[in-house]
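Scroll down for the structure; my scribbles are underneath it.
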Number of protein chains: 2
Amino acid sequence: MTSIRAVASAAGVSASTVSRALNNPELVNAETRRRVLECADRLGYRPNRAARSLVLGRTSNVGLIVPDIANPAFAPFIKGVEAYFRDTGYGVFLADTDEDADTEARMAEAMAERADGLILCASRMPGMRVRSIAAKTTVVLANRLSRSVPSVALDLKPGIDQAVTHLHALGHRRCAFLSGPRDSWSNRQRRKHLTAGCAARGIELIELGPYEPQFTGGYRAADEALAADVTAVFAYNDLIALGVLARLHARGVRVPEDMSIVGVDDVPTASMVSPPLTTVAVPIQALARAASAMLLDRLRADRSDTVAAAPPPRPPAPELAARLLIRSTTGPT
Amino acid sequence: MTSIRAVASAAGVSASTVSRALNNPELVNAETRRRVLECADRLGYRPNRAARSLVLGRTSNVGLIVPDIANPAFAPFIKGVEAYFRDTGYGVFLADTDEDADTEARMAEAMAERADGLILCASRMPGMRVRSIAAKTTVVLANRLSRSVPSVALDLKPGIDQAVTHLHALGHRRCAFLSGPRDSWSNRQRRKHLTAGCAARGIELIELGPYEPQFTGGYRAADEALAADVTAVFAYNDLIALGVLARLHARGVRVPEDMSIVGVDDVPTASMVSPPLTTVAVPIQALARAASAMLLDRLRADRSDTVAAAPPPRPPAPELAARLLIRSTTGPT
DNA sequence: TTGAAAGCGCTAACAA
DNA sequence: TTGTTAGCGCTTTCAA
């Protein structure tokens, strides 16, 4: 391993000059800099990150914690965060929590040691736990809003309103909400907007569930929706909606003639089944960018010792707005 | 930040004793150790990783590089690696290369600075490039075999043989291979086993493509397969197979009555469409474990300065064997 | 069983 | 514009 001293002696300067040439090139004579850079290059010098971190007090790493890597609704989020940080000089740690709040807390603590900041996606932790971690390291919450911790979330309202209007226009007057994890932030959001939308348009809304937010969760949901005598269902997510579709197909119920289905997320599978699924598409990559940008901002703010003022809670950004994607699982009643 | 010295003075011992109590408890008096541990705990002491890395010369991090996080065939791999390292004390860096060899090389170089070892999944890099990176850091290749670099790969042969036998038993005598990325390691493997299997059983095999290994790549493939007058297609992967299925459905061709379809991977979507897809299921989580275990092994070998002998190239492990999953897209001709 | 001291590779005052 | 010096927090000889 070539150290900075090796480069220094090769270039006939001191270690500090090498350090400056590399990190603050404007502080060093052009000719000297050229020579140093040339030597560093020739010797294949790679700065030792540990040493750098030690003296600087930062790692240039960030951590990303998600409930389930294999969940197709999160994959683009991970990809978006990766892409965002790819050329920032930050490394990205990833951890999966298996949807478990305790694992999430453990991983967050572990990552706090290795990274300068964390993005918690769809966090399952109780607010207190989140705050306690946020007290130790820079945290950004994605897809969950909090008053005390910087956070960004999707704006489901426009998409859900469109879905309700769509169903209403098709003549549906009695619908079901196929609920996901009862008390999760996402589920509460979705229920809230849906309830409001249906009330505003005079649609009777029945809540069914909770169902496991998976394909197979949709099987049970389908049967119960049929029994509840509704003409359309609004699923917590696409996975449930897809399960409903499959189950109805198996039971010989026609979609959308006998039952309309709306999902949320627009996972890739939604457009691969037939009939393709009508769904509330969610700009998950935009969420990833927003969360990443927010974290990077705060990290930079931490460096320049400007007292990092809490960012003003912003109104829902238009790029985070969900919108209805009408495909073929919704039709007139 | 509580440092080791703070703990030391709280416990009335020296820093070295604290270090020992933490890392080599057997070297310190039981009572002293208890006191040190108690103080460390009380002060909320967290060792500084940078300092540790600096003196130890290792980071306790590993890197994982995949072509595409959002590809459902890789997601379980990432998840498997995460899960494997979760309780080993290693952090896992993740990078996505957008299927690009240059990006892959760049990310690998960047990660080599931050991690002790790397897992390269389905690497797109030319062999030379891989070796040059393997010369600088510990690397394990997943889903690609190499003579010079430690590697593990799935064993497609059993699954493909089963698929060929299955198709033969159903009466198919003229089939098409819908090829993926022409010169990728995966594609060559699949073609090789398929060609051999078909030859052995007297099935005429036509190669079509290459197709983009995506859902929409399957559209074109479907039309060309129809024109080629085959009774069954063997797709490079499930995504293509799913696209074929959708396209045939749109063209009014019945599956499996008029055309049988076999995919590879067993992505979740394969079981969500109707008819559900017959596919060669691939134990991707087992691959993840195998690759992780191999990397961890080599990392430990590097530490104990036993001259790390190259591990003997092992025969394909049974847990890495693919197998046919017969669902409903294959039937008698 | 413990402590003192040296040093991992780097950056940042401070001095020149 | 450059060099000297003093650490960053930890582990590990070496001596006691």
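When reading the values below, keep in mind they use all heavy atoms of this one structure, side chains included, and skip hydrogens, waters and symmetry mates. In what follows, chains carry the letters A, B, and so on, assigned in the order in which the sequence lines appear, proteins first and then strands, with residues in each chain numbered from 1.
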### Message
Base, sugar-phosphate or nothing for A:Leu27? Non-hydrogen atoms, less than 4.0 Å.
### Response
base

### Message
Could you tell me how far apart B:Leu22 (CG) and D:dT12 (P) are, to the nearest whole angstrom?
### Response
13 Å

### Query
Any chance the side chains of B:Thr103 and B:Asp98 put a donor and an acceptor closer than 3.5 Å?
no

### Between P of D:dT2 and CZ of A:Arg34, the distance in whole Å
13 Å

### Pair A:Glu38 + A:Arg34, salt bridge at N-O below 4.0 Å
no

### Query
Just wondering, do A:Phe93 and A:Leu64 contact through their side chains at under 4.5 Å, heavy atoms?
no

#### Entry: Presence of A:Asn23 side-chain N/O under 4.0 Å of C:dT11 phosphate oxygens OP1/OP2
yes

### Query
Is any NZ, NE, NH1 or NH2 atom of the basic residue among B:Arg58 and B:Asp302 found under 4.0 Å from an Asp or Glu carboxylate oxygen of the other?
no

### Query
Would one find a side-chain N or O of A:Thr32 under 4.0 angstrom from OP1 or OP2 of D:dT2?
yes

### Task
Inspect the contact between A:Glu109 and A:Lys136 and indicate whether a charged nitrogen and a carboxylate oxygen are less than 4.0 angstrom apart.
yes

### Query
Is there a donor in the side chain of B:Ser186 and an acceptor in the side chain of B:Ser184, or the other way round, less than 3.5 Å apart?
no

### Message
Less than 4.0 angstrom from a charged side-chain N to a carboxylate O is my criterion; do A:Glu113 and B:Arg46 meet it?
### Response
yes

### Query
B:Arg52 CZ to D:dC10 P: how many Å, rounded?
10 Å

### Query
Contacts to DNA chain C from residues 5-18 of chain A, heavy-atom cutoff under 4.0 Å, which residues?
A:Ser16

### Query
B:Arg58 has an atom CZ; how far is it from atom P of D:dC10, in whole Å?
15 Å

### Summary
Whole-Å distance, B:Asn24 CG to D:dT11 C1', equals 9 Å

### Whole-Å distance separating the CD1 atom of B:Ile4 from the P atom of C:dA4
14 Å

### Query
Within less than 4.0 Å of OP1 or OP2 of D:dT12, is there a side-chain N or O belonging to B:Arg20?
no

### Message
Rounded to whole Å, please give me the gap between CG in B:Leu54 and P in C:dA6.
### Response
17 Å

### Separation of atom CD in B:Glu31 from atom P in C:dT1, rounded to whole Å
13 Å

### Query
What does B:Val28 touch in the nucleic acid at a heavy-atom separation under 4.0 angstrom: a base, only the sugar-phosphate, or nothing?
sugar-phosphate

### Message
Distance criterion of 3.5 Å, no angle test: do you see the side chain of B:Arg46 paired donor-to-acceptor with the base of D:dG9?
### Response
no

